[in-house]
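Bear in mind the structure is a predicted one, so any value in this text is a computation, not a measurement. Sequence lines set the chain letters: A, B, ... in the order given, protein chains first and strands last, and positions in each chain run from 1.
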Protein chains: 2
Amino acid sequence: MLSQKTKYALKALLYLAEQDANHISKTIEIAEAASIPKKFLEQILLDLKRGHFVGSKQGKFGGYYLLKSGNDITLAEIHRLFDGAIALLPCASLNFYEPCSDCKTESECSLRHGLMIIRDETLKAMQGITIASLVKK
Amino acid sequence: MLSQKTKYALKALLYLAEQDANHISKTIEIAEAASIPKKFLEQILLDLKRGHFVGSKQGKFGGYYLLKSGNDITLAEIHRLFDGAIALLPCASLNFYEPCSDCKTESECSLRHGLMIIRDETLKAMQGITIASLVKK
DNA sequence: TTAAACTCTACTATTTTTATAGAATTTATA
DNA sequence: TATAAATTCTATAAAAATAGTAGAGTTTAA
């Protein structure tokens, strides 16, 4: 399941994608439109900024805006930024790989192979869902 | 990601699937073979029993055994028993559906449609991974 | 200089996860 | 029938993750 943070991040990105080009959105504006606690959203937007999904303008009349097209922001990327690995175990993960602690050797991990199949399918599907594709609905 | 509980459940089922037919496995035996804390495993096996995946024999010389073929136990079922919904949000779930609290109306949930696509793909993949398919690796 | 915004760090409360403890019950068999 | 060996059940506890809050600091426009 998605964490609240990931869900809020998606909704915030969706809001930004719906604005006119060159429009800069204040945190409070996004928070109210998408029903997200403002202080929590501040952290999320900072994380999105550090992940190079959004840009910001500081000071009076500042705010946030998309740094890339909604077509180029996928669910897979946002999931990884906030919720981490897409695979069901670290030993089956591409971006968050860690060996199993309780499997003797890696090749003996009985679950790894099956979970890599799941990961491939889920990843493919998640890369197909973009912010732009969600806006259109 | 899978919880420890789900991971342990899969390993326990895998162990049971590897035994001879008619063999009854004691909890301590499974625990040691699969590196699972015994008392934790007791709870997991009870849950698996309540889910009708394993049967048990009480008393001396009792233990656990598979109630169905390894071909008929899928990753999807075990995930649902221990970790719940396969969908990324409750509003996109088949078996654990709940409406979004912060979406005005259901049809207006901006994420629901995309997450249902992910769910369908992930579910299909998870139904393809069975205990038997894992044993063979 | 001031107001309005983002930035940053720390903290807190809640929930979930991961176990552990121990008593109760069941069953085989000596 | 007593005992040992197993499952069953409920309660509890410790640790980790999640969700959210607080407040001071910095930047910018006017």
Distance, rounded to the nearest Å, where [X] contributes [atom1] and [N] contributes [atom2]:
X        : N       : atom1 : atom2 : answer
Leu41(B) : dT7(D)  : CG    : C1'   : 12 Å
Met1(A)  : dT15(C) : CE    : P     : 16 Å
Ile24(A) : dT27(D) : CD1   : C1'   : 14 Å
Lys7(B)  : dT17(C) : NZ    : P     : 16 Å
Phe82(A) : dA19(D) : CZ    : P     : 12 Å
Lys57(A) : dT26(D) : NZ    : C1'   : 14 Å
Glu42(B) : dT18(C) : CD    : C1'   : 15 Å
Asp47(A) : dG20(D) : CG    : P     : 15 Å

Ignoring backbone atoms, test whether [X] places a side-chain nitrogen or oxygen under 4.0 Å from the OP1 or OP2 oxygen of [N].
X        : N       : answer
Arg50(B) : dC9(D)  : yes
Tyr8(A)  : dG20(D) : yes
Ser3(B)  : dT17(C) : no
Lys60(A) : dT2(C)  : no
Ser56(A) : dC6(C)  : no
Tyr65(B) : dT7(D)  : no

Query raised in the report: When you check the gap from the basic side-chain N to the acidic O, do Lys124(B) and Glu121(B) get nearer than 4.0 Å?
Result: yes
Query raised in the report: Between Arg80(A) and Glu77(A), is there a side-chain N and carboxylate O pair less than 4.0 Å apart?
Result: no
Query raised in the report: Side-chain contact, heavy-atom cut-off 4.5 Å: His79(A) with Met126(A)?
Result: yes
Indicate, yes or no, whether a donor-acceptor pair under 3.5 Å links the base of [N] to the side chain of [X].
X        : N       : answer
Gln43(B) : dT8(D)  : no
Lys39(B) : dG22(C) : yes
Lys38(A) : dG20(D) : no

Report task. Just call it for Gly59(B): base, sugar-phosphate, or nothing, with non-hydrogen atoms closer than 4.0 Å on any strand. Result -> base
Report the nucleotide, chosen from [options], that has the shortest atom-to-atom distance to any side-chain atom of [X].
X        : options                  : value
Phe40(B) : dT7(C), dC9(D), dT18(C)  : dT18(C)
Gln58(A) : dT7(D), dT20(C), dC6(C)  : dC6(C)
Lys49(B) : dT28(D), dT18(C), dT8(D) : dT8(D)

Report summary line: Heavy atoms of Ala92(B) and Arg112(B) approach each other most closely as CB-O, 4.1 Å
Report summary line: Nearest heavy-atom contact between Ser25(A) and Gln19(A) is OG-CG, 3.7 Å
Query raised in the report: Going by atom types alone, do His23(B) and Glu29(B) pair a side-chain donor with an acceptor below 3.5 Å?
Result: yes
Query - 5'-most by nearest nucleotide on DNA chain D - Pro37(A) or Phe61(A) - result: Pro37(A)
